[in-house]
2 protein chains.
Amino acid sequence: MIPSQLAEVTRERVLRAAGEVFAERGFRDATVRDICGKAGVNVASVNYYFRNKEALYCEALSFAFEEAEERYPFDCPEGEGVTPAERLRHFIRNFLMRLLDDTHLGWHGKLITREILSPTAALVPIVDSIMKPRFDAVRRIVIQLVPHPLDDDSLERCVLSIFGQCLVYRHARSVIDQMRPQIVAGPEDREATAEHVFRFVLAALTHLPPTPGT
Amino acid sequence: MIPSQLAEVTRERVLRAAGEVFAERGFRDATVRDICGKAGVNVASVNYYFRNKEALYCEALSFAFEEAEERYPFDCPEGEGVTPAERLRHFIRNFLMRLLDDTHLGWHGKLITREILSPTAALVPIVDSIMKPRFDAVRRIVIQLVPHPLDDDSLERCVLSIFGQCLVYRHARSVIDQMRPQIVAGPEDREATAEHVFRFVLAALTHLPPTPGT
DNA sequence: GATGCTATTAAACATTCGTTTGAAACGCAA
DNA sequence: TTGCGTTTCAAACGAATGTTTAATAGCATC
């Protein structure tokens with residue numbers, strides 16, 4: 001019952017290996033034998049430290065989010081001196097880099113992408129605690145940049161247009177790699193991509209025509 | 001060896017059931033027993049008509065694309081009298097409606113989404129034969145709408161910005177449904193969404209600033 | 001050193017699933 | 001009807017996998 005220091009390190013080894021394998025192969029195709037093999041522990045460990053494979057998955061998902069939050073902190077500057085355009089640029093770059101990071105925590109982006117596509121019960125708290133605040137922040141930026149009032153649905157669709165332009169680089173990565181890999185290959189390419197999305201969104205928001213109906 | 005008429009109908013029943021189940025549960029979670037149960041045939045049928053589960057999956061994928069192409073034909077009008085903006089609107093609406101159709105061929109959108117995320121060998125010919133021409137068509141539209149020359153990478157990123165804004169409504173559907181379902185609920189909402197994406201893209205392309213470097 | 005709790009291990013269990021098999025049913029021409 | 005090729009079926013096989021068990025080893029405390 002009382003976990004020792006040694007137990008915690010093997011527990012985290014399993015968690016880390018689980019994140020990688022789940023991200024690479026998905027929940028079903030990832031076997032506990034693969035995970036434990038990668039972690040260098042016995043298969044019974046997953047049942048000893050976590051209840052079963054599903055509970056391990058839930059913990060791995062939370063763990064991935066905590067690590068990603070630590071590495072790419074949200075911290076969208078809301079200070080007085082920062083223009084809405086600057087906040088937009090900061091957000092897009094931050095979000096895109098987190099999605100495309102394949103080196104250290106490469107599995108975070110893949111993991112959450114799989115979860116969004118085939119949602120489990122584990123997604124609900126993540127949407128509420130992590131995605132909703134992010135949507136709210138972008139919503140405030142959009143309102144400040146569009147030169148005329150927006151109804152709620154149009155506002156929401158603008159936010160989705162922004163997220164969509166970032167997410168496509170992760171979601172359609174296999175297609176991009178097959179058609180034009182150089183635009184996300186190196187760090188400087190990713191910076192250029194972030195800059196493009198920012199310019200594209202800024203041009204759209206500041207020149208968006210008012211909806212005829214309103 | 002000589003397939004009878006009766007054999008073809010059961011073959012297609014299996015193919016259709018396979019498309020639905022594969023789209024709903026993914027390749028691994030879909031069992032041939034489920035598929036055959038839904039089709040009302042014996043489990044041995046998948047081995048008799050197709051070689052095995054994987055071959056069935058490949059055929060189901062092609063089948064879904066053929067049906068979708070039939071229902072939402074590409075036919076981007078390239079005629080003289082059609083403005084680039086009109087072609088853009090047509091493309092976006094067509095693409096979005098196909099992605100969001102959940103009634104008749106609802107599985108097409110889910111199926112290709114799964115395939116893009118976890119690509120198999122079956123994706124390569126689809127990218128070449130279906131996606132590449134689509135990218136080319138959008139590329140031509142973008143060139144005509146942006147008021148200054150674009151380098152290849154910027155052009156490609158513009159195309160991805162357009163696709164991303166459409167794809168997000170399918171890829172992030174679970175999140176949208178949890179946060180603001182009304183924007184994709186009914187057919188008129190989907191029309192409004194298509195119109196939004198069109199206006200957003202048009203505003204961006206026609207007001208995109210030239211890249212400083214070029 | 002003895003004791004009691006924690007951690008690890010190899011082996012086995014039970015289930016699921018893709019695939020195969022061999023026979024029965026069916027359709028159709030001679 | 002008889003015979004033959006095609007299609008369907010129930011049953012079983014074999015492999016993979018999540019989970020459990022029972023025994024062993026490690027480690028701190030007295």
Side-chain angles (χ1 to χ4, degrees), chain A residues 1-63 111 114-115 118 120-122, chain B residues 1-63 111 114-115 118 120-122:
Chain A
M1 280 297 170
I2 298 165
S4 75
Q5 199 179 357
L6 201 69
E8 273 307 305
V9 32
T10 71
R11 198 188 129 95
E12 191 173 314
R13 272 230 308 279
V14 176
L15 218 45
R16 226 171 264 276
E20 291 183 44
V21 180
F22 280 137
E24 204 55 47
R25 303 204 230 276
F27 178 76
R28 191 66 191 289
D29 279 332
T31 72
V32 303
R33 281 174 175 81
D34 273 348
I35 293 171
C36 292
K38 186 160 214 157
V41 302
N42 191 271
V43 285
S45 302
V46 42
N47 215 269
Y48 180 76
Y49 286 107
F50 315 88
R51 206 163 19 116
N52 49 27
K53 188 185 177 184
E54 196 176 333
L56 169 61
Y57 175 78
C58 289
E59 288 220 38
L61 202 65
S62 311
F63 184 71
L111 209 51
R114 288 188 185 279
E115 181 60 31
S118 317
T120 69
Chain B
M1 280 296 173
I2 299 165
S4 75
Q5 201 178 358
L6 201 71
E8 274 306 305
V9 32
T10 69
R11 198 189 129 94
E12 190 171 315
R13 271 230 308 279
V14 176
L15 217 44
R16 227 172 263 277
E20 290 183 45
V21 179
F22 279 137
E24 204 55 46
R25 305 206 230 274
F27 177 76
R28 192 66 190 291
D29 279 331
T31 72
V32 305
R33 282 175 174 81
D34 274 348
I35 293 170
C36 292
K38 186 160 217 158
V41 301
N42 191 270
V43 285
S45 303
V46 43
N47 216 269
Y48 181 75
Y49 285 106
F50 315 88
R51 205 163 19 115
N52 49 29
K53 186 186 178 184
E54 196 176 332
L56 169 62
Y57 175 77
C58 289
E59 286 219 38
L61 202 65
S62 309
F63 184 71
L111 209 51
R114 288 189 184 278
E115 182 59 33
S118 316
T120 70

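The sequence lines fix the lettering, A, B, ..., with proteins before strands; numbering per chain opens at 1. Fair warning: this is a prediction, and the values are worked out from it, not measured in the lab. Only this structure's heavy atoms are used, side chains among them; waters, hydrogens and symmetry mates stay out.
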- List the protein contact pattern of nucleotides 10-21 of chain D with one symbol per nucleotide (5' to 3'): B for base contact, S for sugar-phosphate-only contact, - for none; contact means a heavy-atom distance under 4.0 Å. BBB----BBBBB

- Could you give me the CA-CA distance, side-chain angles and deciding distance for A:Val14 and A:Val41, then say whether side chain to side chain contact (heavy atoms under 4.5 Å, CB included) is met? CA-CA 8 Å; A:Val14 176; A:Val41 302; 3.8 Å; yes

- So, does A:Ser45 use its side chain to make a donor-acceptor pair with the main chain of A:Asn42 at under 3.5 Å? yes

- Can you tell me if the side-chain N/O atoms of B:Thr10 get under 4.0 Å from OP1 or OP2 in D:dT8? yes

- Starting at CZ of A:Arg11 and ending at P of C:dA7, how long is that distance when rounded to a whole Å? 11 Å

- Can you tell me how far CD of A:Glu24 sits from NZ of A:Lys38, rounded to the nearest 0.5 angstrom? 7.5 Å

- May I have the step-by-step check of side chain to side chain contact (heavy atoms under 4.5 Å, CB included) for B:Leu15 and B:Phe50, ending in yes or no? CA-CA 10 Å; B:Leu15 217 44; B:Phe50 315 88; 3.7 Å; yes

- Identify whether NZ of Lys or CZ of Arg in B:Lys53 sits under 6.0 Å from the centre of the six-membered ring of B:Phe27 and within 45° of that ring's axis. yes

- Phosphate OP1/OP2 of C:dT20 contacted by B:Tyr48 side-chain N/O (<4.0 Å): no

